[in-house]
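The block underneath contains the structure these notes are about, expressed in structure tokens.
Note that this is a predicted model, so its numbers are computed, not measured. In each ligand, atom 1 is the first atom listed, and ligand 1 is the first ligand listed.
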Amino acid sequence: MNAPFFPQLEIPHTIAAGPGPGNTAERVLNAFTSPGVADHMQPDVLRGMIECKKMLREIFGTQNVHTFGIAGTGWSGLDAMFSVIHPGDKVVMFVNGTFSGIDELSVRMKAATEEELKANPLNPQAASVVTIPVPHGQSVTAEIVDEALAEHKPKWAAMAHWETGSGRINDVKGFSDACEKHGAMGLIDAVSSLGIAELRIDDYPGIVGWASCPQKGMMALPLTYAPVSFSDRYIAELRKVGSRSFVHNPIMEARHWAIIDGQDVEKGTYHRTHSPYAVASFHEALRMVLEQGLLQRAERYRKAEKALRAALTSMGCSVTSNMTSLIVLDLPEKLKGKEKDFVNACRAESFGIWPTLSEPTQVRVGILNLISEAELTTIVQRFGEMLNRFEVEADVEAAVAELKRQLS
Ligand SMILES: *Cc1c(COP(=O)(O)O)cnc(C)c1O
């Protein structure tokens, strides 16, 4: 059977106003399409990777030598981070939404014994993993972590810093303190927070591993590099217990970034075929983040979120999130049960907002790389006009005025 001859694929521009990927800057796209054709051992490609590594240390706020990018998406970075977990390891997982839920599944797959995995390969019930569920819309607090670690005394504990499913910020300081106090090694999913939160990971000595993603706070293209950072303690443990992954073994992946035997060396060695396009665009995105300044970015997001929140609230929505890059809200009462229809109607017109992916169904509006007054105004107008079309009497002009008042 012959495959039909398909026309060239064209994908339209949309407003990426969801939880991620963020709106990609022209600069980053240009960097992806403009490098020359080169192999993965060409000197400028290797130099670019070394510069990325140095910029990532600044962005993470760390002296960790093992700070680099895992080729792929956020889950690739998380898979590398969790590759240190072995069958039977005692782990406490804090779950307050979709993504920490998937982290928990991922950890159960690694901590399951052979029998447990065989019994249920896609959803193993690993007896050594303790899950602490926190209701959707609520944060993981210092007290919750302290209590669970005191009771279970695990080897590892893991949590999402910013849970993108419910839009909640979890207490990373409380988490780190409890890990130190109870002798656990902390692992953090920082996919949503890195590059937006005011964060210096070296302030949290209870946490030994951090994993993020390319396309949220970093503003890079998806499927380039997931930033990760591992402390010396993590790496020492990995050396001791090993990892069954070649590609996602942090010690091996680090070699191409010129980190060998715990040291920065002059030149990376082959691990797998890196792409000059990915390296160049990732490099440009990191340059942009640092050019804007980490504290300044955090402040601009805080301000933008506050203004957008006020504008959407003025049209009858109620916000349940506290992240600064994403608003998770309930639509006006009248639209209860119609959340997905509302989101689909917006998406059909290239206004890319999202529903929540796990229950309860809410609406998510993100502002990654969409924080100028003009961009926020467009979001408020498009959202308000759709409310009107769903027969909600929202005053769009007043909402825009409220946005501008908050921003000025
Ligand atoms: C987006 C997200 C992920 C998954 O990242 P991908 O790039 O889609 O693989 C994991 N954790 C959190 C908290 C996220 O927000």
Side-chain angles (χ1 to χ4, degrees), residues 16-24 28 56 60 69-83 93-110 131 133-134 136-140 157-172 175 186-197 199 201 207 209-229 245 247-248 253 278 281-282 285-286 301 305 321-328 352-358 362-369:
N23 222 52
T24 313
V28 174
L56 282 174
F60 270 115
I70 303 281
T73 74
W75 292 124
S76 313
L78 286 156
D79 196 58
M81 178 173 81
F82 291 137
S83 75
M93 300 294 302
F94 298 91
V95 174
N96 66 324
T98 312
F99 294 97
S100 44
I102 303 176
D103 285 332
E104 190 251 8
L105 169 62
S106 165
V107 163
R108 281 192 281 115
M109 286 175 167
K110 291 185 170 24
T131 303
V134 174
H136 177 101
Q138 292 180 30
S139 295
V140 181
M159 180 180 86
H161 182 202
W162 289 13
E163 168 51 78
T164 326
S166 51
R168 297 297 303 185
I169 296 180
N170 295 327
D171 185 347
V172 78
F175 178 86
L187 301 171
I188 288 286
D189 172 344
V191 167
S192 255
S193 55
L194 186 71
I196 303 213
L199 177 69
I201 66 169
I207 299 164
W210 300 79
S212 189
C213 84
Q215 76 278 7
K216 288 173 182 163
M218 286 300 106
M219 307 191 296
L221 286 163
L223 270 174
T224 54
Y225 291 107
V228 289
S229 186
S245 175
V247 169
H248 284 170
E253 180 91 276
S281 80
F282 188 59
L286 300 185
Y301 273 97
E305 190 272 351
S321 55
N322 64 355
M323 275 170 54
T324 59
S325 55
L326 177 71
I327 286 181
V328 182
I353 63 171
W354 282 70
T356 48
L357 300 177
S358 44
Q362 292 181 285
V363 173
R364 296 187 293 165
V365 184
I367 53 173
L368 291 166
N369 213 16

Going by the atom numbers of ligand 1, which of them fall below 4.0 Å from some non-hydrogen atom of [X]?
{"X": "Thr164", "value": "12 (C), 13 (C), 14 (C), 15 (O)"}
{"X": "Trp162", "value": "13 (C)"}
{"X": "Ser192", "value": "15 (O)"}

Heavy atoms only: give me the nearest [X]-[Y] pair and the separation to one decimal.
{"X": "Leu286", "Y": "Met218", "result": "CD2-SD, 3.6 Å"}
{"X": "His248", "Y": "Asp79", "result": "ND1-OD2, 2.9 Å"}
{"X": "Ser321", "Y": "Leu326", "result": "OG-O, 3.6 Å"}

For [atom], what's the nearest protein heavy atom and its distance?
{"atom": "atom 3 (C) of ligand 1", "value": "Phe99 CD2, 3.5 Å"}
{"atom": "atom 8 (O) of ligand 1", "value": "Gln215 NE2, 4.0 Å"}
{"atom": "atom 5 (O) of ligand 1", "value": "Gly74 CA, 3.6 Å"}
{"atom": "atom 9 (O) of ligand 1", "value": "Thr73 OG1, 2.7 Å"}
{"atom": "atom 11 (N) of ligand 1", "value": "Asp189 OD2, 2.7 Å"}

Taking both backbone and side-chain atoms of [X], is any N or O found less than 3.5 Å from an N or O belonging to ligand 1?
{"X": "Val191", "answer": "no"}
{"X": "Asp103", "answer": "no"}
{"X": "Glu163", "answer": "no"}

Check: Do the side chains of Trp210 and Leu199 get nearer than 4.5 Å, heavy atoms only?
Finding: yes

Next item on the list: Taking the side chain as every heavy atom from C-beta outward, state whether Ser325 and Trp162 have any pair of such atoms under 4.5 Å apart.
Entry: yes

Check: What distance separates Ile196 CD1 from His161 NE2, expressed to the nearest 0.5 Å?
Finding: 11.5 Å

Next item on the list: Using a 4.0 Å heavy-atom threshold (strictly under), name the region of Trp75 that reaches ligand 1: side chain, backbone, both or neither.
Entry: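 Both backbone and side chain of Trp75 come within 4.0 Å of ligand 1.
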
Item checked: Side-chain (Asn369) to main-chain (Thr24) donor-acceptor, under 3.5 angstrom ->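 Looks like no, no N/O pair under 3.5 Å.
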
Notebook entry, point to check: Between the side chain of Thr356 and the main-chain N/O of Gln362, is any donor-acceptor distance below 3.5 Å?
Noted result: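 Present.
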
Note to self: Against ligand 1, does Lys216 come closer than 4.0 Å with any heavy atom?
What the structure shows: yes

Check: Is the closest heavy-atom distance from Gly20 to ligand 1 below 4.0 Å?
Finding: no

Margin query: The criterion is side chain to side chain donor-acceptor pair (under 3.5 Å); which residues satisfy it with Ser76, sequence neighbours excluded?
Written below: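 Applying side chain to side chain donor-acceptor pair (under 3.5 Å) to Ser76 gives none.
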
